Amino acid sequence: MKVAIVANDRVETKAVEKNIKKLLEIKNIEIDNENPDVVITIGGDGTLISAFHKYISIIDKVRFIGVHTGHLGFYTDWRHFEIEKMVDSLSKKEPSAVSYPLLELVITTRKGEKKKLLALNEATIKRVSKTLRADVFIRDKFFESFKGDGLCVSTPTGSTAYSKSLGGAVIHPRLKALQMTEIASINNRVFRTLSSPIVIAPDEWITIKPEVGDDDHYVVTYDGIRFNHKHIKKIEYRISQHVIRFDKYQHTHFWSRVKDAFIGDEKE
Ligand code: NAP
């Protein structure tokens, strides 16, 4: 059993990191940041997302454990005062894992080059200074012509992040589905889009073809990371064959997390 640790810079995090390292040493669990079996993240959801991208090349073999040192997160189960129990669970021979879908995006340039990327939360295409014009296809069938600021395609676990701010539904992470939401679409007598989020089935895919011209103004992001490429012909979005695996620990079920994050305590 080899463990990697990814932590943010907060003072509370540093103290937790020190304790975890001490406990790992007591249990004779090796720290290996190059080739771990388990990645422990300490911080928030953002820390977990950065760890996911750091270890993406070994995503099929690695499991994640998220310890939160701020507010309760969507990818971070363990609280800082439970780390002893968490390190104990690492020494179990057959840990149970829970897995969540990932978004695969394949970007094709006009020269025919292809780039495949994975996202844990979402991917967006936006145009900042002028209106984005793009055709949207579902299962390669033309669906609509979009005009507006941009489009966002998110995973179920990403549905509580940017997608939610765009008016998307919160989707239970056990559902294998992708959701597309619009960012400030123009809708009038000339331009018309569906104007509501759509959720596609596991065997479906979405293709976005931005209109040719002035394409250096497009911004493509995945999990908040900018993909730098001009001359994009199309982007295909589908559920990846890969998943992210977490060591199973459910002290808070999904809808309680949603309530905790967005509603807070209110009278029963
Ligand atoms: P960031 O500052 O690292 O994150 C922005 C906030 O989003 C943080 O509070 C983060 O939680 C939270 N977050 C991340 N994933 C989440 C999830 N699955 N469910 C609920 N909340 C989540 O921003 P970034 O580095 O630019 O981008 C990382 C992610 O943040 C993006 O993938 C995007 O989904 C989200 N984001 C949202 C908006 C928006 O809603 N308008 C804007 C920008 C980015 P922690 O504090 O626990 O890290």
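In listed order, ligands and their atoms are each counted from 1. These figures come from a predicted structure and were not determined experimentally.
The pair R10-E12 meets the salt-bridge criterion, since a charged nitrogen lies less than 4.0 angstrom from a carboxylate oxygen. By the 4.0 Å N-to-carboxylate-O rule, E17 lies close enough to K21 to be salt-bridged with it.
The immediate protein surroundings of ligand 1, defined as residues with any heavy atom under 4.0 Å of it, consist of G44, D45, G46, I49, H71, F74, Y75, N121, E122, T157, T160, A161, Y162, S165, D223, G224.
Between F227 and Y222, the distance separating the two ring centers is not shorter than 6.0 angstrom.
If you check the side chains of Y75 and T157, you find a donor sitting under 3.5 Å from an acceptor. Between the side chains of T69 and T13, at least one donor N or O sits under 3.5 Å from an acceptor N or O. In this model, no donor atom of one side chain and acceptor atom of the other lie less than 3.5 Å apart for N33 and K54.
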